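Count residues from 1 along the sequence. Nothing here was measured: the structure is a model prediction, and the numbers come from that model.
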Amino acid sequence: QVQLVESGGGLVQAGGSLRLSCAASGRTFSNYNMGWFRQAPGKEREFVATISRSGLVTDYANSVKRRFTISRDNAKNTVYLQMNSLKPEDTAVYFCAADARVLTRTTTDYDYWGQGTQVTVSS
C-alpha cells in the first residue's frame with residue numbers, strides 16, 4: 001500500500017501563492033506518475049496537473065497553466081504543487097494521487113489518493 005499525505009494548504013488572498021506538498025510512503029515513489037486534483041463544494045473532482053516518473057513530462061489543466069507548477073523530488077518521496085497568482089475560483093480541497101501505469105488526467109486511473117488539503121482564496 002501507498003500512503004499519501006498532503007500539506008501546505010491554507011487561506012490566502014487573491015494574487016497570492018501557496019506551495020502544496022505530498023509526501024509518499026515506501027521506497028517505490030519513483031515508480032508512480034503523480035497527479036494533483038481538486039474538488040470544490042458541489043463540484044466534481046477535476047484534474048489540475050500531473051508529472052511523469054522521471055519528472056520530465058508534465059501536463060496541466062487549462063485553468064491553471066502558467067500559474068501552477070508541478071514538480072517532484074524522488075529522493076524525498078515528495079511531489080509539489082507551486083500555485084501562484086491564485087484566484088478565488090482555485091478554492092477547493094486539493095488531492096494528490098499516484099498511478100503506477102500511465103500518465104493521465106483521469107481520476108479513475110489513479111491507484112492511491114491522499115486525504116486532501118484545503119486551499120481557500122479570498123477576494
Side-chain angles (χ1 to χ4, degrees):
Q1 295 184 346
V2 175
Q3 283 74 236
L4 304 173
V5 180
E6 302 96 332
S7 62
L11 174 64
V12 298
Q13 292 185 333
S17 298
L18 283 174
R19 188 196 193 202
L20 305 183
S21 298
C22 175
S25 66
R27 300 180 179 181
T28 59
F29 177 72
S30 63
N31 292 342
Y32 293 90
N33 303 291
M34 298 296 297
W36 285 98
F37 295 78
R38 66 188 183 186
Q39 188 166 23
K43 296 183 179 180
E44 295 183 348
R45 188 173 300 178
E46 68 174 352
F47 167 77
V48 175
T50 189
I51 188 167
S52 65
R53 296 174 178 87
S54 66
L56 294 175
V57 181
T58 59
D59 188 28
Y60 298 91
N62 288 338
S63 59
V64 306
K65 285 181 179 178
R66 304 193 182 192
R67 297 191 299 119
F68 291 10
T69 302
I70 188 171
S71 62
R72 67 191 297 163
D73 187 339
N74 288 345
K76 296 181 178 179
N77 283 8
T78 303
V79 63
Y80 305 95
L81 185 69
Q82 178 66 47
M83 305 185 295
N84 298 326
S85 301
L86 283 162
K87 305 174 182 179
E89 51 263 46
D90 295 318
T91 296
V93 176
Y94 283 71
F95 300 88
C96 68
D99 172 28
R101 294 174 297 277
V102 295
L103 192 69
T104 179
R105 295 182 171 197
T106 304
T107 57
T108 53
D109 287 338
Y110 284 80
D111 302 300
Y112 304 100
W113 293 84
Q115 83 291 340
T117 186
Q118 177 70 46
V119 172
T120 302
V121 184
S122 62
S123 301

Any chance the side chains of Thr50 and Tyr110 put a donor and an acceptor closer than 3.5 Å?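 Yes, because at least one side-chain N or O of Thr50 sits under 3.5 Å from a partner of the opposite role on Tyr110.
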
Are side-chain N/O atoms of Thr69 and Gln82 paired as donor and acceptor at under 3.5 Å?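 Short answer, no.
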
Asp109 side chain to Thr104 main-chain N or O, any donor-acceptor pair under 3.5 Å?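 Not at all, since once roles are kept as given, no pair shorter than 3.5 Å links the two residues.
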
Side-chain contact, heavy-atom cut-off 4.5 Å: Gln118 with Thr91?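 Side-chain contact under 4.5 Å: yes.
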
Going hydrophobic residue to hydrophobic residue with side-chain gaps under 4.5 angstrom, can you get from [X] over to [Y]?
{"X": "Tyr60", "Y": "Phe37", "answer": "no"}
{"X": "Phe95", "Y": "Val119", "answer": "no"}
{"X": "Tyr112", "Y": "Ile70", "answer": "yes"}
{"X": "Phe68", "Y": "Leu20", "answer": "yes"}
{"X": "Val64", "Y": "Met34", "answer": "yes"}

Closest heavy-atom pair and its distance - Thr78, Ser21: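 That would be CG2-CB, 4.3 Å.
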
Hey, mind stepping through Glu6 and Thr117 against side chain to side chain donor-acceptor pair (under 3.5 Å) and telling me if it holds? CA-CA 6 Å; Glu6 302 96 332; Thr117 186; over 6 Å; no

Flag if over 12 foreign heavy atoms under 6.0 Å of CD, Glu44: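 Not buried by this count: 12 neighbours or fewer within 6.0 Å.
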
Other residues, nucleotides and ligands only: do more than 12 of their heavy atoms fall within 6.0 Å of CZ on Arg66?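 No, not enclosed.
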
Should Asp59 and Arg105 count as an ion pair when the cut-off is N to O under 4.0 Å?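 The answer is yes: the pair qualifies as a salt bridge.
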
